[in-house]
Amino acid sequence: MAVSNEVSVPSMGPLVAEEMCPHRLVLEHVTSRWGVLVLIQLLDRPHRFSELRRAIGRVSEKMLTQTLQTLERDGLVQRDAKPVIPPRVDYSLTDLGREAAEQVRALAVWTDARMGEVQKAREVYDARKRGSEQA
């Protein structure tokens with residue numbers, strides 16, 4: 001979730017994105033590639049880091065760490081480190097995170113239900129595009 005916090009506006013110079021449009025930055029975090037998957041996965045139950053990584057699949061340790069830290073900073077994820085040996089850290093959703101995750105899951109369910117229509121639209125578009133390139 002390498003999202004830049006700086007935005008350049010010619011007349012104003014560089015500004016911090018959070019100051020300009022904080023809700024847009026949160027939306028980027030929630031709807032990022034890994035943010036979506038983390039939120040949906042944590043809806044079921046808290047997970048340890050390694051469990052979460054396995055459940056999501058194909059996410060690097062670095063990206064998962066960054067995603068979790070970003071979502072924790074936004075108040076969506078809670079990190080619970082237990083002082084035991086070996087260390088145990090559990091990640092869970094806050095109430096705010098649960099609310100966001102339910103919205104994201106609804107979008108994922110909609111996407112799954114409408115994928116056939118999306119695929120058909122893509123095929124029509126691609127065929128039209130190929131036809132215009134050949135003409």
Check whether any side-chain heavy atom of [X] sits under 4.5 Å from a side-chain heavy atom of [Y], and report yes or no.
| X | Y | result |
| --- | --- | --- |
| Asp126 | Arg130 | yes |
| Val59 | Val38 | no |
| Glu72 | Gln78 | no |
| Leu64 | Ile56 | yes |
| Trp34 | Gln66 | no |
| Leu76 | Leu93 | no |
| Leu37 | Gln41 | no |

Flag yes if more than 12 heavy atoms outside [X] fall under 6.0 Å of its [atom1] atom; otherwise flag no.
| X | atom1 | value |
| --- | --- | --- |
| Arg58 | CZ | no |
| Lys62 | NZ | no |
| Asp95 | CG | no |

As a quick check of understanding, evaluate side chain to side chain contact (heavy atoms under 4.5 Å, CB included) for Val30 and Asp74, giving each step before the final call.
CA-CA 9 Å; Val30 169; Asp74 288 343; 5.8 Å; no
Heavy-atom closest contact ([X] atom, [Y] atom, distance):
| X | Y | result |
| --- | --- | --- |
| Glu102 | Leu43 | CG-CD2, 3.9 Å |
| Tyr91 | Leu42 | O-CD2, 3.3 Å |
| Ala108 | Ile40 | CB-CD1, 3.9 Å |

Leu39, Leu27: one ILVMFWY side-chain cluster at the under-4.5 Å cut-off?
no
Quick check: is Val109 connected to Leu107 through a chain of hydrophobic side chains (ILVMFWY, heavy atoms under 4.5 Å apart)?
no
Rounded to the nearest 0.5 Å, what separation is found between the [atom1] atom of [X] and the [atom2] atom of [Y]?
| X | Y | atom1 | atom2 | result |
| --- | --- | --- | --- | --- |
| Gln103 | Arg98 | CD | CZ | 13.0 Å |
| Arg79 | Ser92 | CZ | OG | 12.0 Å |
| Glu28 | Cys21 | CD | SG | 9.0 Å |

Apply salt bridge (charged side-chain N to carboxylate O under 4.0 Å, His left out) to residues Glu117 and Lys120 and explain how you reach the verdict.
CA-CA 5 Å; Glu117 293 170 62; Lys120 188 174 184 177; over 6 Å; no
Sequence neighbours excluded, which residues qualify as salt bridge (Lys or Arg N to Asp or Glu O under 4.0 Å) partners of Arg88?
Asp90
Can you tell whether the side chains of Glu51 and Arg48 come within less than 4.0 Å, N to carboxylate O?
no
